Amino acid sequence: MSERRAEPASENGSAAGVVGRAPVGGRGAGAGPWLRIRERVPAPLAWVLGAIPVAAVLLLWFAITAGREAESRLVSPTILPSPLEVARSFPELWFDRALTRNLATSFARVLGGFAVAVAVAFPLGLFMGAFTKVKVAFNPLTVFAAYLPIPTLVPLTLSLFGTGETQKVVFLAIAFVIYLTPLFVAAVEGVDDIYLKTAYTLGAGRWQALRKVLLAIAWPDMFEAMRLGFGVGWSYILLAEMVDIGKGLGGIIMVSQRRGPREHIYLVLLVIVAVAFLTDRLWVWLGRKLFPYRETRR
Amino acid sequence: MNGEQKVGPTALGKVVLVLFILGCIAGAAYYFRDLLAPKGAGGPKTIDFNALKQQVGRVEAPDTKGITTVNEYTYVPAEKLPPVKGVSAYRWNPADKVVQFPINVWIGWLPIVAANHGFSPNPESIFAKQYGFKVNLKLIDDPVVARDAFASGESHILWGTLDMMVLFAPGLMADSRTAPRIYQQIDWSNGGDGIVVRGNIHSVKDLKGKTVVYAQNSPSQYFINNLLIAAGIQPNEVHHKYTATAFEAAAAFVADQRIDACVSWAPDIYNIPEKVAGTRILTTTAEANKLIADVWAARADFAKDHPEVIKGLVAGIFTAMEQLSDPAFKERAYQWMADGYGMSVEEVRAMANDAHSTNFAENKNFFLNANDPTNFERTWKNITFVYRELGLVGTPVRFDEVMDFSVIKQLDQEGTFRHQQDTYRTTFAPTSYTKLSAEAPIVTQTIRINFYPNSANIYEPQHDELGNPIPNTLYDPSVEATLEKVARLAGQYERAVIAVVGHTDSSMKGRGTRYQDVKQLSLDRAMAVKQALVKKYKFDPNKFIVEGKAWDEPADPDDPMNQALNRRVEISVYPPEAK
């Protein structure tokens, strides 16, 4: 697993983070083809370009669910309600089904699982990336875990951790660890040998090299891995909340699948996407504050 | 630097300002907390058990006559079923004629597996040979996936228990083409579902204040909540924990000592008491053998376009039920089922007692007999009632919007399956209350019938000032609804023995009244309830054991003088003898 992921991550990491990428294709703005490799796109244009596919999906959604009568629609409302119907069911989701409280519950679970996972995966990834013996020792396990169908772990966590919050947090933590560890390893391995050699030449010890070179240089990439990994929690929230359904967004989806309203399934999906987007922006913002020297693109 | 005039607030000023703004936001958020983070509605609410009578009562007008014969519905189903609009939207190849029929892992599907000679479309099947179409049985264990396949037209049939249909129907009926039409009952769960408890629980009433785990929106939920309501326990007096599947409910119960009971399926419900010390079975559908009905529903547009296929499915399944009485054929059917599920034949055979296949005669009773205490209508209404009390369904779907008895009626007129008999009836040997009450009842339902003073006639009319009876009135106008409640529970627990125990108030205690007379009155009243039930719903008289307890047992020992509570009849469901 780590090998598979190591390549693109390390290439990206060392190039972007350490050397710094020069803006490519910066000759005259108007010249050249419309699509240029690695060009700089101004923010307003980026927003517009980003909005087009979203609008297209929305339009498609409108089109296939258009029609007053359920029977005259391209896709029946028993499968996909129209965007307006979904929007109209929002107050019910907000008030009757306590969207905010459930969102807070799910968010706390994702956050808890993430915290536990980082506490495990961070040192593990760092040592695996730094010390080959540690790596070969843990590699079979991480490779095995990467191919594990995670849903099968639900009953296992259930019998080990009961039906309460612990089970949910632990389940999410397992998913996070499996995702994060190889990325952390790759980040540490991605640090160019030249820095280590330089450090040794200057008389650095083993621990100094680990702390001041490997960790210091890999840190932005590890942060980036955490940013990518944070979203994983949301994709497993349904599985995590399968036991003791009641609170949480996963519960709302599962209940709506059984007894409706169908609109709430799609609404919750949109809410999850919105929350994931906002947290991602937060990660990006935090990244800029922490590693201003990495700010190369855009 | 020194000379420069500093503009704006000081550092402290900034902090104060930020704190002030944050405080304002927090204050506003707190003020609007119900708007920002509402607590939510729905979920179990408090049930007014007295209003319950009226709710049931509205369903039927008082009927003092009782009915002596099987009372069949006289309406035509097509008049009540929602008409199909628009263009049919299911996948169908007229050249192949393959019905997509998903099923779950459940022995109740053995007849259709047998009729189809396996899971895949088969030219050797009863359907192909006798009715000219093929059936593709597909294992779709997840009800949500099965429902979505049905809604999208990928499958023509939806498997499910009637309680699942109650939950799915409102959504599916948003499109008249996907409205479910139920034509046939496949089986009654007969030991396949059950409730396992820890040792300190002997009766449903002991579940008060305890934690119960079960799969939400499944037969388990109906099973337990139907019992809790019957026992007069409020939903919020029990701590409900939900899982996605019955398997997880069983696992949670085993893993977590704080959970006092679980509702699950065979084989878990039988394995847990064997493997986990201090646990036992409280009740299963081996006793409540007419509670959970498995059915299949067809898409309304498909049923409208292919009535001959629907009829063929129904008839083919009945034919196979008959053929399964041949042990050699049954073995073959087990093998087909094992192949389809990817299980061993032994595993399939072990499920054999989980369900009882309902033949034509039983279906006729279920769909057509308006008097049957556990017919389609009553089962549907009871599920709707339970789920409405729990706040799980909003506007309910009427039973006659989904039940289509036209095929059963047609087959009845043609007489194809006239020879099939309803043998799924328990016969009871007479027993005594003393013998019966040695064991704890599974559940006790307390009912109140307002008897006219000193009368044991439950249909006593009202009296004018001179004491003359007023014709066509009832002293207790909700008596039919009360009887209906008892009949449903007694019907669901078809195999159980029911004790009907009459109690009087103690208002005349020590005022010259002879105790024997009071005892006799309480016994007469219990007897009156029994006779009314036997007459109206055709129960075996030996199913009911009557007892009169006079004023010996006040309803609430802490409040023995609460006479309104004391005048009551208690209906206790006891496990059958052969256990």
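Quick note on labels: first sequence line is chain A, next is B, and so on, each numbered from 1. Quick note: numbers below take in every heavy atom, side chains included, and nothing from hydrogens, waters or symmetry partners. Since the model is a prediction, treat every value here as computed from it, not as a measurement.
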I would like to know whether Trp106(B) and Trp265(B) meet side-chain contact (heavy atoms from CB on, under 4.5 Å); could you show each step before the answer? CA-CA 10 Å; Trp106(B) 179 242; Trp265(B) 296 338; 6.0 Å; no
Take Thr161(B) and Asp294(B), measure what side chain to side chain donor-acceptor pair (under 3.5 Å) needs, and give me the verdict at the end. CA-CA 4 Å; Thr161(B) 51; Asp294(B) 279 283; 5.4 Å; no
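In this structure a side-chain-to-backbone donor-acceptor pair under 3.5 Å is missing from Trp380(B) to Met165(B). With Asp141(B) contributing its side chain and Val105(B) its backbone, the two residues share a donor-acceptor pair below 3.5 Å. Of the possible donor and acceptor atoms, one in the side chain of His156(B) sits under 3.5 Å from a partner among the backbone N and O of Gln100(B). Remark: the backbone N or O of Ile140(B) is paired with a side-chain donor or acceptor of Trp159(B) at under 3.5 angstrom. No side-chain donor-acceptor contact under 3.5 Å links Glu241(A) to the backbone of Leu238(A). Counting only distance, with no hydrogens or angles, the side chain of Thr181(A) and the backbone of Ile178(A) share no donor-acceptor pair below 3.5 Å. Of the possible donor and acceptor atoms, one in the side chain of Asn225(B) sits under 3.5 Å from a partner among the backbone N and O of Gln221(B). Although no hydrogens or angles enter the test, the distance criterion places no donor-acceptor pair under 3.5 Å between the side chain of Ser220(B) and the main chain of Tyr214(B).
For residues 98-117 of chain A, a heavy-atom distance under 4.5 Å to chain B picks out Ala98(A), Thr100(A), Arg101(A), given by residue number. At a heavy-atom cut-off of under 4.5 Å, chain B is reached by Trp94(A), Phe95(A) from residues 84-95 of chain A, listed in order of number. Contacts between residues 64-72 of chain A and chain B, counted as heavy-atom pairs separated by less than 4.5 Å, involve Glu69(A), Ala70(A), Glu71(A).
A perpendicular orientation is assigned to the rings of Trp219(A) and Phe223(A), their planes being inclined by more than 60° (bins at 30° and 60°).
Counting heavy-atom pairs closer than 4.5 Å to chain A, the top-ranked of the candidates Asp148(B), Leu36(B), Asp34(B) is Leu36(B). Counting heavy-atom pairs under 4.5 Å between each of Val154(A), Val255(A), Leu80(A), Leu160(A) and chain B puts Val255(A) at the top. Heavy-atom pairs under 4.5 Å with chain A peak, among Gly153(B), Ala255(B), Ala151(B), Gly171(B), at Ala151(B).
Atom CZ of Arg258(B) is surrounded by 12 or fewer heavy atoms from other residues, nucleotides or ligands within 6.0 Å. More than 12 non-hydrogen atoms from other residues, nucleotides or ligands lie less than 6.0 angstrom from NZ of Lys241(B). Around CZ of Arg91(B), the count of heavy atoms belonging to other residues, nucleotides or ligands within 6.0 Å does not exceed 12.
Of the two parts of Val75(A), neither the backbone nor the side chain holds a non-hydrogen atom closer than 4.5 Å to a non-hydrogen atom of chain B. Residue Ile259(B) touches chain A through its side chain alone, counting heavy-atom pairs closer than 4.5 Å. Contact annotation for Tyr387(B): neither backbone nor side-chain heavy atoms come within less than 4.5 Å of a heavy atom of chain A. Heavy atoms closer than 4.5 Å to chain A are found in both the backbone and the side chain of Arg177(B). Both the backbone and the side chain of Ser176(B) come within contact range of chain A, judged by heavy atoms closer than 4.5 Å. With a 4.5 angstrom heavy-atom cutoff, Asp301(B) does not touch chain A via any of its atoms. Only the side chain of Arg262(A) comes within contact range of chain B, with at least one heavy atom under 4.5 Å from a heavy atom of that chain.
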Donor-acceptor pairs under 3.5 Å, side chain of residues 168-177 of chain A to any protein atom, not counting sequence neighbours: which ones?
residue   : atom : partner   : partner atom : Å
Lys168(A) : NZ   : Thr163(A) : O            : 3.0
Lys168(A) : NZ   : Gly164(A) : O            : 3.1
Lys168(A) : NZ   : Val243(A) : O            : 3.2

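Interatomic distance, Leu228(A) CG to Leu183(A) CG, rounded to the nearest 0.5 Å: 7.0 Å. The CG atom of Asp260(B) sits 8.0 Å away from atom CZ of Phe253(B), with the distance rounded to the nearest 0.5 Å.
The shortest heavy-atom contact between Pro143(B) and Phe168(B) is O-CZ, 3.7 Å.
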